[in-house]
Amino acid sequence: MLKTFKLGGVHPAENKLTENKAIEVLPIPKVAYIPFSQHLGAPARALVQKGDAVKTGQLIAKGEAFISANIHSSVSGKVLKVDDVLDASGYKRPAVVIQVEGDEWAEGINRSGEIIREISLGQKEIIQKINEMGVVGLGGATFPSHVKLMVPEGKRADVLIINGVECEPFLTADHRLMLEKGEELIVGVRILMIALGVKKAIIGIENNKPDAISNMKKITGNQEGIDVQALKVKYPQGAEKQLIKALINREVPSGKLPIEVGAVVHNAGTAYAVYEAVQKNKPLVERVVTITGKSVKNPGNFLVRIGTPIAELVEAAGGLPEDTGKVIGGGPMMGKALNSLDVPIIKGTSGILMLPVEESGRNTVLHCIRCSRCVSVCPMGLEPYLLEKLVMFEDFERTEKERVMDCIECGSCHYTCPANRPLLDYIRLGKNKVGAIIRTRSKK
Amino acid sequence: MNDVVIYAVASLGIIGAAAAIILYFVAQKFKVIEDPRIDEVEGALPAANCGGCGFAGCRAFAEALVMKANKEGNLEGLNCPVGGNDVMATVASILNLQVEEQEPLIAVVRCNGSHTNSPKKVIYEGATSCAFAHNLFNGEGGCPYGCLGLGDCVKACAFDAIHINPETGLPEVNDKCVACGACVEACPRDIIELRPKGKKDRRIYVCCINKEKGGPARKNCDVACIGCGKCVKVCPFDAITMENNLAYIDPVKCKLCRKCVPECPTGAIHELNFPLRKLKDDVPVGEMKLEKTEVKASVTIKPDATQDAKEPEGGKENKS
Amino acid sequence: MNLLKVSGSPHVHTDESIKSIMYGVIYAMVPAMLISIYFFGLDAVRVLLISVIACVMIEFLIEKYILKSAVTITDGSGIVTGVLLAFNVPSNLPWWILVIGAIVSIGIAKMSFGGLGKNIFNPALVGRVFMLISFPVQMTSWPIPKPLFAERITDAITGPTPLAIMKEGLSAGKTVSQMMPEIPNYVENLMTGFQGGSMGEVSAFALILGALYMFYRKIITWQIPLSYIGGAVLFSGILWLINPDKFVDPLFHLVTGGMMLGVFYMATDMVSSPMSAKGQILFGAGAGILTILIRVFGAYPEGVSFAILIMNAFVPLIDRGFKPVRFGEVVKS
């Protein structure tokens, strides 16, 4: 019996079209758009001005707040302007626009392909390095990684969990990384273990990636403390709290962080980025992005420079299919629908998914028939039908009492609703409103 | 038989009497002493419970009115937007006070990004909630400031005064509006503003709140304010200010002269309920005069305002 | 190029819809329909057709002319109510009583609350109870089943159900063992359906077959059926252990009357049952106990409909009090 989490969960069609496509390197764009806020937390402060020459890997914006991250130039060239560009929502966000000239890297970055297994840095230096290199969680939430590694006073971590689940349908970026860069990834895991001061790490991989599981097992075979665990395929297993529950059967208390139960979760992609940052001195300037969709001509996994316009990536995959009805940044369950292809790839973009028209629309919303499926699939044990109603009637006091803030926005409720109700839309709205209420209350 | 009747009557009578006595003492014990004027004032209020006054309902507002009257002897800052001056006068007479006349207000939708002016670039599907859509994306027309057209204002309105026009996709305010401000609160983009109703319902306002620069603003919408500043220059009363690429007409300073309206290159300044404008050259003097006198009449409250109004008027005559 | 669509996540959706669920329930009722046609012949076909057509037509008329809303008869919920209503009546019921039952079911129990999803009580049960109270004679004269192509065993055309025989005998002062011979071979007959009773409830076997299909399609979950049966067996078992002369054994209760129909098809009605697993267990157990209570101590020989309707009324309360198991519940120490 394979391990998995207990409460709720769904199993959408996996559609891993690109799992056998090796990672290709996407050509460097002509113009790169690098936003200052690619992570959770405060935006970084710009260090360059219009007309400045920048090199690849050069620091161009500094994350100064506690929860923030550095931004590095992903290309070399001249700064065209420091101005607002459209983000994935269509709102303007400050960014650096760089006209690409050649590909000259900043000094001190080791770009050779050799694998450095020896870890020379200590705990403090590693965290410092990860901070400097602007590494953030690459699973999609983009939480600054160095913050996660700093265990707060009075808490203790005893296990590092590496998230190789990739439970989102269609996405295969982490899968490919575990196959092709397994050695480096494991070095990254070891670095993270030192940074956290833990003796044990578990890599959780869903059972639909047997090749990745066997590859990781082969590499870790003779290493102490790193365990590879196959998991039953179930969405949302890649959610932090669910993964901890599945792997070590500990339940993160409501409203608390995983460190409460002694666990820290990092994504497989993050582990690789950590390896590059610490061993190769290479900042986070590129990432693996899956570009996929049933009618895409040439779906694949690409190593893409941050700031590349999505349109160029789409071009590399054979252009936007005629029948495209929706373009999604990320996976189909939690990704964000884009309203334009002119937005850049950022650190958190794990995939670009193009859905054909007939699959992109929402069905007619009917009345709730109280089938209780949303309740039974909710991995957090909430009552989505009730939350939806409460938000509709603006009873935010009760919405909060019904623990709307516990929602991880996995979308299982909406996915499963036979009446096609936009449950998650209203729950998100409720979270937003209740969050604002809580903030004003704590200010008082 | 008689016994039954007597017993029934007697037992019922005793129960009734006992209950009455208990009720009497309980009522005495838990009596709430309340100013009887609160009930009177509440009776005078419209009982809409809309919250437009800033209180939880008409009862709470009545309590606040009476308390203020007792404490400070005036009703400053308290106003029932639904009832308007008449209701406030009644309330004041109940409380033996005088109340200042307030200019009636009306909700104004400051976006004209209809389906034709700001064509759809994407299609939104999901919860019919502006608040949610606002968090999700910039809007179907692409304007990050424009109306999302999902009707949060309509849902908030207790007076059936605002509706989405299906042709334009924009909300329209009708004369049932009492300026309670519920729609202003509900709009996540602050598009709706309460403005003075104006004499004969005549109003001039900038029908856009886009703070982008001219280029990007025009890219998404044909009738956006592009911040060119022409209206500011032409306004004889300094009523128009330009901030963040957006013109704003101060309703207090504006004398409804309509000079800014034809000046606007995108037609973002709207005039409501004015007589049809004649061609520029043959504006009959009589009509111009008429308008001016009206303007004067409508601003008699503040003496210095009339002063302001007079001077530029002279200038205007010189020019023409 | 089409305009791109924008919406919140998730962007994919399960194939399941209200329609597929409703038709799933209808497919699950096919074995019971066939059995009822086998035993009651053309009469069964007549009742089924009248009931279904009446229910769907009434829903259509109300939506089109009274509510003036979108017509939703294609979602299959009207058909489900129609079939269930037919299952709950004797096959010789006059057509006009059936139509009145349909009007009450759809018109009062369903549409007056606002339609599918908003009704508090199970519509088919409301219709049945209304008919039972208003037309007790017609509703309790059950034809004796006559398998197709078989000779009639007795001359009688109608006869009482096993539950009624038992109830009458017991209230006349006889003991259970004295009554048993009058209900020949009940376990076997009741499983196959060779017994008197309402159309759909005669064969426990066919009903369980359909229920298995619903389990497979995940239309129903184990909570309500299991707790219903558990509650009924436990309660009747206790009574039986106390005095086996006065009270019948649990197995008899399980396979007679509308128990199987109620357990798998009516108590599990999504709209009128609780949302959380804990609530569903309470709901089922309560209905089970009430059923036995009414059967043993009440005026009617059968108690399933009343029990479910009573528990339906408690659903809003149960939903408030019984929340699902929360993830990361902070346990007070």
Side-chain angles (χ1 to χ4, degrees), chain A residues 81 83-93 324-329 334-343 355 357 359-365 384 387-394 396 399 409 411 413-414 417 420-436, chain B residues 49-51 56 113 118-148 150-158 182-183 185-190 209-221 224 244-246:
Chain A
K81 56 180 179 179
D83 198 6
D84 292 351
V85 300
L86 294 182
D87 72 354
S89 303
Y91 290 113
K92 300 222 158 159
R93 301 273 183 258
T324 304
K326 198 183 246 179
V327 180
I328 298 159
M334 286 188 77
K336 190 162 176 33
L338 306 173
N339 49 8
S340 143
L341 292 180
D342 299 329
V343 294
L355 287 181
V357 175
E359 282 175 37
S360 64
R362 288 200 173 174
N363 305 328
T364 330
V365 176
L387 293 172
E388 186 210 15
K389 242 186 262 176
L390 290 173
V391 174
M392 267 185 170
F393 294 118
E394 307 196 332
F396 296 120
T399 312
E409 305 187 14
C413 50
H414 186 143
C417 181
N420 309 312
R421 299 201 66 79
L423 294 166
L424 186 55
D425 289 5
Y426 281 101
I427 293 174
R428 278 216 180 92
L429 180 61
K431 279 182 82 173
N432 200 297
K433 299 260 180 180
V434 170
Chain B
N49 290 320
C50 64
S118 174
K120 282 188 185 188
K121 291 174 188 67
V122 292
I123 298 166
Y124 169 76
E125 282 183 332
T128 36
S129 157
C130 303
F132 173 73
H134 173 66
N135 288 336
L136 183 73
F137 77 130
N138 53 356
E140 288 185 324
C143 175
Y145 294 90
C147 178
L148 293 155
L150 295 166
D152 276 12
C153 48
V154 180
K155 272 174 246 158
C157 185
C183 51
E185 281 279 301
C187 181
R189 291 189 160 174
D190 296 327
I209 57 159
N210 190 316
K211 295 188 180 73
E212 288 170 309
K213 282 177 192 148
R218 270 301 280 277
K219 203 178 122 199
N220 290 323
C221 183
N244 295 327
N245 308 311
L246 176 64

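Reminder, nothing fancy here: chain letters follow the sequence lines and each chain counts from 1.
Between chain A and the options Ala127(B), Pro144(B), Gly126(B), Pro216(B), heavy-atom pairs under 4.5 Å are most frequent for Ala127(B).
Residue Glu388(A) holds its CD atom at 11.5 Å from OG1 of Thr399(A), rounded to the nearest 0.5 Å.
The closest donor-acceptor contact from the side chain of Lys336(A) to the backbone of Leu136(B) lies under 3.5 Å. Of the possible donor and acceptor atoms, one in the side chain of Asn220(B) sits under 3.5 Å from a partner among the backbone N and O of Gly142(B).
There is no side-chain donor-acceptor pair under 3.5 Å between His414(A) and Tyr426(A).
With a threshold of 4.5 angstrom between heavy atoms, Lys92(A) approaches chain B through side-chain atoms but not through N, CA, C or O. In this structure, chain A has no heavy atom under 4.5 Å from any part of Glu140(B). Interface residue Asn339(A): backbone and side-chain heavy atoms are both found under 4.5 Å from chain B.
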